Amino acid sequence: MASAASRTSLLRTRIMDFITSMATLPLLLGCVGVFSLCKLLQWLRTRAYVRNAVVVITGATSGLGRECARVFHAAGAKLVLCGRNAEALEELTRELAASRATEVQTHKPYTVTFDLTDPGAIVGAAAEILQCFGYVDVLINNAGISYRGTIVDTSLDVDKRVMETNYFGPVGLTKALLPSMIRRRQGHVVAISSIQGKISVPFRSAYAASKHATQAFFDCLRAEVEQHDIEVTVVSPGYIHTNLSLNAVTADGSKYGVMDKTTAQGRSPSQVARDVLAAVGKKKKDVVLADVAPSLAVYLRTLAPRLFFSLMASRARKEQKPKHC
Ligand SMILES: NC(=O)C1=CN([C@@H]2O[C@H](COP(=O)(O)OP(=O)(O)OC[C@H]3O[C@@H](n4cnc5c(N)ncnc54)[C@H](OP(=O)(O)O)[C@@H]3O)[C@@H](O)[C@H]2O)C=CC1
Ligand SMILES: CCCCCCCCCCCCCCCC(=O)OCC(=O)COP(=O)(O)O
């Protein structure tokens with residue numbers, strides 16, 4: 001008798017489960033459908049935003065800049081590729097011009113060669129871009145240099161060089177293009193910062209300082225130009241697999257020349273470039289593109305600073321090397 005009752009109860013449960021799952025399935029499918037539709041609409045909006053837009057990319061000769069060039073070119077942007085190496089820029093232009101057509105019309109990029117540590121050259125480059133195109137829709141301040149060294153061993157010239165490249169360069173170029181954006185009441189300024197613009201790690205003083213300054217400057221800019229309908233996006237990536245560590249400068253100004261394990265194991269630059277395109281399309285104001293630990297470290301720095309500082313001090317003790325760490 002008892003087992004018959006339990007069998008009936010089991011059957012009832014199974015029937016209820018079946019009915020519930022039948023009701024949940026369309027709901028689930030509906031959710032997936034709405035999600036996919038939202039994704040598609042966002043993708044279309046990004047494409048429309050970038051298609052035929054004049055997009056200036058600094059540091060286009062390597063790493064993330066080169067990948068941004070590929071991604072924005074494929075999305076139909078009119079690219080202005082900036083860098084120090086004219087030959088590398090021309091090579092990239094040829095590659096892009098020869099690349100297979102996407103579903104959108106693509107444009108042959110224009111190149112401008114200048115060094116971001118030269119304020120006069122920056123003004124000249126901005127004038128050339130404006131003379132050629134009349135306006136800039138999106139400026140991607142990507143070029144940058146990293147650093148390895150102890151503060152005590154590092155010459156002030158090195159601090160200045162990193163600051164000139166990573167901070168004064170982007171600031172100079174942005175200031176040179178900003179008045180035309182304000183007049184037009186249209187424009188989008190992107191700063192490729194770093195997670196090190198939000199937290200400082202040992203032996204990166206000049207680099208972290210330049211990125212913190214970048215974050216601060218472009219946060220101020222965002223507030224000031226919102227009234228002119230200009231967008232500002234600060235992107236803070238974690239490690240990316242590029243030549244950044246190879247090209248880093250050391251305490252005495254010489255090249256570090258090592259592919260660090262952290263860099264080699266970093267995200268793929270093409271993935272990060274796609275994330276940059278998405279952030280621009282969504283007009284994001286501030287984006288962190290990093291793994292869990294660095295992202296959490298940003299919160300730890302704010303919520304438990306003493307713990308964060310002691311973690312960094314212990315990291316410094318462990319990593320300390322006699323010179324050029
Ligand atoms: N790789 C990483 O782990 C991370 C990188 N970033 C940031 O991404 C950005 C791109 O770096 P990434 O691609 O990784 O590194 P790369 O070293 O591969 O590229 C750096 C680019 O900046 C250019 N550049 C350097 N100095 C100058 C200068 N004085 N004037 C003009 N251009 C210059 C380089 O040109 P040239 O070829 O002439 O040297 C190169 O095109 C940087 O701002 C970096 O801080 C942020 C977080 C993580
Ligand atoms: C609540 C748990 C929190 C756990 C946090 C633990 C602390 C972890 C410390 C993480 C430090 C991350 C440093 C990330 C640095 C980084 O991604 O930098 C990006 C760059 O710009 C790389 O430049 P580099 O020249 O340094 O290679």
Side-chain angles (χ1 to χ4, degrees), residues 57-69 81-89 91-92 112-118 121-122 125 140-149 161-170 172-173 190-208 210-211 214 234-250 255-256 258-270 272-273 276 288-304 307-312 314-315 319 325:
I57 304 176
T58 67
T61 50
S62 172
L64 180 58
R66 193 165 53 193
E67 292 305 325
C68 281
L81 304 176
C82 306
R84 290 184 292 192
N85 183 337
E87 210 171 295
L89 288 176
E91 197 187 312
L92 177 60
V112 188
T113 311
F114 64 101
D115 192 313
L116 276 165
T117 61
D118 179 347
I122 292 175
I140 304 182
N141 288 297
N142 162 77
I145 186 169
S146 195
Y147 149 89
R148 271 97 181 114
R161 189 168 138 201
V162 175
M163 211 65 190
E164 275 165 8
T165 310
N166 294 359
Y167 178 70
F168 288 110
L173 187 58
V190 181
I192 304 296
S193 180
S194 160
I195 202 89
Q196 293 186 48
K198 294 181 185 286
I199 53 167
S200 298
V201 301
F203 313 119
R204 297 289 185 279
S205 55
Y207 181 68
S210 72
K211 294 297 187 180
T214 297
V234 177
V235 182
S236 301
Y239 295 110
I240 314 171
H241 188 172
T242 66
N243 290 338
L244 190 75
S245 73
L246 280 169
N247 293 333
V249 65
T250 63
K255 211 168 173 173
Y256 179 60
V258 177
M259 172 58 82
D260 278 348
K261 204 172 157 194
T262 46
T263 314
Q265 291 176 345
R267 289 188 180 183
S268 101
S270 56
V272 179
V276 171
V288 172
L289 301 174
D291 295 341
V292 179
S295 302
L296 284 177
V298 175
Y299 289 103
L300 199 66
R301 167 68 180 82
T302 310
L303 300 174
L307 175 57
F308 177 80
F309 296 144
S310 88
L311 281 173
M312 290 303 114
S314 115
R315 195 178 163 115
E319 284 180 25
C325 334

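Whatever order the structure lists them in is the order used to number ligands and atoms, beginning at 1. Keep in mind the model is a prediction, meaning the values are calculated, not measured.
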Counting heavy atoms under 4.0 Å, the part of Arg315 that contacts ligand 2 is side chain
closest protein heavy atom to atom 1 (C) of ligand 2 is Leu300 CD1, 4.3 Å
Ala290 and Ile195 have their tightest heavy-atom pair at CB-CD1, 3.8 Å
Among Thr263, Ile199, Ile195, closest by heavy atom to atom 17 (O) of ligand 2 is Ile195
Quick note on ligand 2: atoms under 4.0 Å from a heavy atom of Ser146 include exactly 24 (P), 25 (O)
heavy-atom search around atom 8 (C) of ligand 2 in the protein gives Ala297 CB, 4.2 Å
Leu92 side chain near Arg66 side chain, heavy-atom distance below 4.5 Å: yes
Is any side-chain heavy atom of Glu164 closer than 4.5 Å to a side-chain heavy atom of Leu116?
-> no
Keeping the roles fixed (side chain from Asn247, backbone from Lys255), state whether a donor-acceptor pair exists under 3.5 Å.
no
**Report entry** Any side-chain heavy-atom pair of Pro170 and Leu173 under 4.5 Å
**Finding:** no
Using modelled atom types only, decide if a donor and an acceptor are shared between the side chain of His241 and the backbone of Arg267 within a distance under 3.5 Å.
no
Residues passing the salt bridge (Lys or Arg N to Asp or Glu O under 4.0 Å) test with Arg161, sequence neighbours excluded, are none
for atom 18 (O) of ligand 2, nearest protein heavy atom and its distance come out as Gln196 NE2, 3.0 Å
Here the atoms of ligand 2 under 4.0 Å from any heavy atom belonging to Arg204 are 24 (P), 25 (O), 26 (O)
Closest heavy-atom pair, Phe114 versus Ala121, reported as atoms and distance to 0.1 Å, is CB-CB, 4.0 Å
Counting from 1 in the order shown, the ligand 2 atoms closer than 4.0 Å to a non-hydrogen atom of Ser194 are 18 (O), 19 (C), 20 (C), 21 (O)
Test side-chain contact (heavy atoms from CB on, under 4.5 Å), reference Thr58, set Asn142, Leu81, Ile122, output is Asn142
Going by the 4.0 angstrom heavy-atom rule, the piece of Tyr207 near ligand 2 is side chain
- Query: Would you say Thr262 contacts ligand 2, with heavy atoms under 4.0 Å as the rule?
  - Reply: no
In Asn166, Val234, Asn141, Val288, the residue satisfying side-chain contact (heavy atoms from CB on, under 4.5 Å) with Ser193 is Val234
For Leu244, the ligand 2 atoms with a heavy-atom partner under 4.0 Å come out as 23 (O), 25 (O)
Ligand 2 atoms nearer than 4.0 angstrom to some heavy atom of Leu296 are 3 (C)
- Message: Within the structure provided, determine whether Ser194 and Tyr207 are in side-chain contact (heavy-atom separation under 4.5 Å).
- Response: yes
So the atoms of ligand 2 within less than 4.0 Å of a heavy atom of Val201 turn out to be 13 (C)
query = Looking only at heavy atoms of Met312, does any of them come nearer than 4.0 Å to an atom of ligand 2?
reply = yes
I'd like to know whether Asp115 forms a side-chain hydrogen bond (donor to acceptor under 3.5 Å, both in side chains) with Thr117, so could you lay out the CA-CA distance, the side-chain angles of the two residues, the decisive distance to 0.1 Å, and finally the verdict.
CA-CA 5 Å; Asp115 192 313; Thr117 61; 2.7 Å; yes
If you scan protein heavy atoms around atom 6 (C) of ligand 2, the nearest is Leu311 CD1, 4.1 Å
the protein heavy atom lying closest to atom 5 (C) of ligand 2 turns out to be Ala293 O, 3.9 Å
_For the 3.5 Å polar cut-off, considering only N or O atoms, please tell me whether Arg148 and ligand 2 meet it._
yes
Margin query: Main chain of Ile192, side chain of Lys211: is a donor-acceptor contact present, judged purely on distance under 3.5 Å?
Written below: yes
| With distance as the sole criterion, is a donor-acceptor pair present between the side chains of Asp260 and Ser245 under 3.5 Å? | no
Using heavy atoms and a strict 4.0 Å limit, residues surrounding ligand 1 turn out to be Gly59, Thr61, Ser62, Gly63, Leu64, Arg84, Phe114, Asp115, Leu116, Thr117, Asn142, Ala143, Gly144, Thr165, Ile192, Ser193, Ser194, Tyr207, Lys211, Pro237, Gly238, Tyr239, Ile240, Thr242, Asn243, Leu244, Asn247
Scanning both residues in full, the closest heavy-atom pair of Thr262 with Tyr239 reads O-CB, 3.4 Å
At the 4.0 Å heavy-atom cut-off, does Asp260 count as touching ligand 2? no
